[in-house]
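The figures here come from the full heavy-atom set of this structure, side chains too, leaving out hydrogens, waters and symmetry mates.
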Amino acid sequence: MSLSKHVDPDELIASLRSSPALHRPLDSLSNASPPSTHHVYTGRYQSSLTIPKFRIPTEGCSPHTIYQLLHDELDLDGRPNLNLASFVNTYMDPYADRLMSENIAKNLADADEYPVVQSIHARCISMLANLWNIPKGETAVGTATTGSSEAIHLGGLAMKRLWQEKRRKEGKSTEKPNILMGNNCQVALEKFARYFEVEARILPVSKESNWCLDPKLVAENVDENTIGVFVILGSTYTGHYEPVEEVSKVLDEYQERTGHDIPIHVDGASGAMVAPFTGAGGMKWDFQVDRVHSISTSGHKFGLVYAGLGWQIWRDQKWLPKDLIFELHYLGGTEQTFTLNFSRPGGQVIAQYFNFLSLGEEGYRSIMQNALTNARILSKALEKSGWYVCESDIHRERGGAWEKLKEKLGTEDAEGYRPGLPVVAFRLSDEFRREFPHVKQQSVSTLLRVKGYIIPNYALPPNGENIEILRVVVRESMGADLMDMLIADILSTTETLMNSDEVDLASFAQAQAPRLERSVTSMGHGGWLKSKGWFGKKGGGDHKRGGTVFNTTC
C-alpha cells in the first residue's frame with residue numbers, strides 16, 4: 001500500500017478560488033474578530049426585525065433569527081391538544097417521531113430508490129384489508145393518500161369508470177351519472193361530484209335518521225344512472241354510523257327489480273379505525289357486505305398518525321379499472337400508481353406501520369375504548385347538569401338483551417352502549433333556553449376559546465339547521481385530568497353567562513356577529529350550508545339543492 005500525505009482542505013479550496021485572498025480558512029477565524037451572531041432579543045436590528053410577508057427578501061438572515069421569529073409567530077396558534085373541534089390526531093409516540101424525522105427525505109413515489117418504504121406501504125394495505133374482513137379468495141388492492149378526501153375521490157372515480165364501461169357495453173349513454181349521499185356529508189364527498197362531473201343527489205337527513213343517510217330515501221332516488229352510494233361510517237356532526245347494511249339491502253331489492261347493480265363506498269374517515277375495535281352495534285359495515293366495493297379512512301385521525309395520511313382500499317382488483325392505473329418507468333423500475341398526486345413524504349406511512357406494530361389490536365382497542373369512555377363521561381355530566389342535552393348517542397345504553405351482559409362486559413364497555421365515534425354533540429336544553437333566553441350558545445363557544453379550548457358551535461344539516469350544537473371530539477390525547485377540567489370549564493362558563501347582565505350579553509353577542517359570520521361560512525362541516533342558501537329553510541316538503549329536487553318526507 002502506497003503512502004499518503006495529509007491534505008489541508010482549506011488550502012486546497014483556497015487554491016481553487018479565483019480570489020484566494022477572499023477565502024478565510026477555518027483556523028484563521030480564531031485570530032480574527034469573532035463572527036457576529038444574530039440574537040433576536042439582544043440587538044436593536046434584531047428586535048426591530050419583521051418577517052417579510054409578501055415578497056422574498058433581497059438578502060437572507062441568520063437561521064437562528066428566522067427560527068426564533070417564526071417560532072414566536074407560530075406560538076400564537078391554538079394548542080393542538082385543546083383543539084377539540086378536530087378529528088385530526090395531534091400526538092404520537094416519541095419513537096414514531098424519531099422514525100419520521102429520520103426518514104423525512106424519502107419519497108413514497110420512488111419505489112426503486114426506497115423499496116423498504118414501499119414494502120411497508122404494502123404491509124399496511126394488507127393489515128387494513130384484514131382488519132376490514134376481506135373475504136377469502138379476494139385480493140384487496142389499495143394505496144396511501146394525502147388524506148381520506150383524496151381516497152374518497154379515488155373510490156368515486158373507480159365507481160364512475162366502471163359504470164361507464166358497463167353502459168358502453170350495453171350500448172347506452174354515459175351521460176348524467178349521479179351519486180347518492182346524505183346532506184350530513186363532509187365537503188370532500190361533494191367535491192368529488194363537482195370535480196368529476198357527477199350529479200350529487202344529496203338526500204335530507206332528520207332526527208329520526210340520527211341526522212344520517214336514510215335508507216328509505218336511497219330507495220326513492222336511485223336509478224340506472226347511479227354510479228354508487230357514499231355511506232359515512234361516523235358522521236362529523238354527531239358521530240353516528242350510517243346504516244351500511246340497511247342501505248345494501250335496499251340496493252339488493254332494487255337490483256332484483258331492475259337488474260342494476262349499484263356499489264357502496266364506505267367513507268370510514270374516522271369510523272373505520274374505531275368500529276373494528278369497539279363494535280358497530282351488530283351492524284355489518286365492512287367487506288363482509290358484498291356490495292361494499294371500497295373503503296377509505298384517515299390514518300391521521302383515529303389511525304393515530306400526524307396529518308397527511310389517508311388510505312383507500314378496494315376489495316378486489318376487478319373493482320379498480322385498469323385504465324385508471326398508470327405504469328411508471330422513469331424512476332428506475334416499473335411502478336403502478338393510481339393517486340391524484342405523485343411525490344409525497346413516506347414518513348406518515350412508516351408511522352402508521354409503527355402504530356400497527358407497537359399498539360397491536362389490543363392497544364388500539366384500549367385507546368378507542370378509553371376515548372369512548374371519556375366521551376360518555378362528558379355526555380353524562382353535561383346532561384346531568386340539566387343545562388345541556390346531547391344529540392350524540394354513545395352514552396345511551398343499548399338495552400334489551402345487552403342488559404344481561406352488563407356485569408360481564410362492565411358498565412363502560414362500548415358493546416353495551418349505542419355505537420358511534422367518541423364525539424359529544426350537545427346543545428342548551430329547551431328548559432334552559434326558556435329560563436335564560438338572553439344566553440346564546442355561541443357565547444359559550446367564544447368564552448371557552450378564551451380559556452384555550454376550540455369547541456365549534458354550528459347548525460345541524462338542512463332540516464335541522466334551526467338546531468345549533470357544540471361539538472367535542474375526544475381523541476387519545478384527552479386524559480382524565482383534561483376531561484375533568486373541560487367539564488368544570490364548560491359548566492362554569494355557562495354559569496357565568498347565566499349570571500351576566502342581559503344588556504352586557506346583548507352587546508357581547510353583537511360584537512361576536514361579524515366574527516361568527518366569517519367562521520360559519522368558512523367551516524368545513526356546517527358553514528357551507530349558509531353559502532348554499534340553506535339557512536332559514538323549514539323542514540319537510542321539497543328541497544332543491546344542486547339542481548335536483550328531492551322529496552324530504554320521511
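- Looking at heavy atoms from C-beta onward, M368 lies out of side-chain contact with P422 at the 4.5 angstrom threshold.
- Contact check for V231 versus L233: no side-chain heavy atoms found under the 4.5 Å cut-off.
- Of the candidates D223, N225, T226, N221, D223 is the only one forming a side chain to side chain donor-acceptor pair (under 3.5 Å) with R201.
- Ion pairing between E362 and R365 holds under the 4.0 Å rule for side-chain N and carboxylate O.
- Judged by distance alone, with hydrogens and angles left aside, the side-chain atoms of S429 form a donor-acceptor pair with the main-chain N or O of G386 at under 3.5 Å.
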Verdict with reasoning, N83 to Y453, per side-chain hydrogen bond (donor to acceptor under 3.5 Å, both in side chains): CA-CA 6 Å; N83 180 7; Y453 302 106; over 6 Å; no
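- For CD of E431, the number of neighbouring non-hydrogen atoms (other residues, nucleotides, ligands) closer than 6.0 Å is greater than 12.
- Taking a 6.0 Å sphere around CD1 of I56, one finds it holds 12 or fewer heavy atoms contributed by other residues, nucleotides or ligands.
- Counting heavy atoms from C-beta outward, L470 and V444 have side chains that approach closer than 4.5 Å.
- Looking at S385, its side chain does come within 3.5 Å of a backbone N or O of W387 through a donor-acceptor pair.
- Side-chain contact check for P215 versus P243: some heavy-atom pair is nearer than 4.5 Å.
- Using bins of under 30°, 30° to 60° and over 60° for the plane-to-plane angle, the ring pair F192/H153 lands in the tilted bin.
- The shortest side-chain heavy-atom distance between F426 and Y388 falls under the 4.5 Å cut-off.
- Each of I227, L189, V229 was checked for a side chain to side chain contact (heavy atoms under 4.5 Å, CB included) with I179, and the lone residue meeting it is I227.
- E242 places a side-chain N or O within 3.5 Å of a backbone atom of L213 that can act as its donor or acceptor partner.
- Checked for salt-bridge contact, R396 and D393 meet the test: a charged N lies under 4.0 Å from a carboxylate O.
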Given salt bridge (Lys or Arg N to Asp or Glu O under 4.0 Å), test R427 with E391 step by step and report yes or no. CA-CA 8 Å; R427 61 179 176 84; E391 293 293 330; 2.9 Å; yes
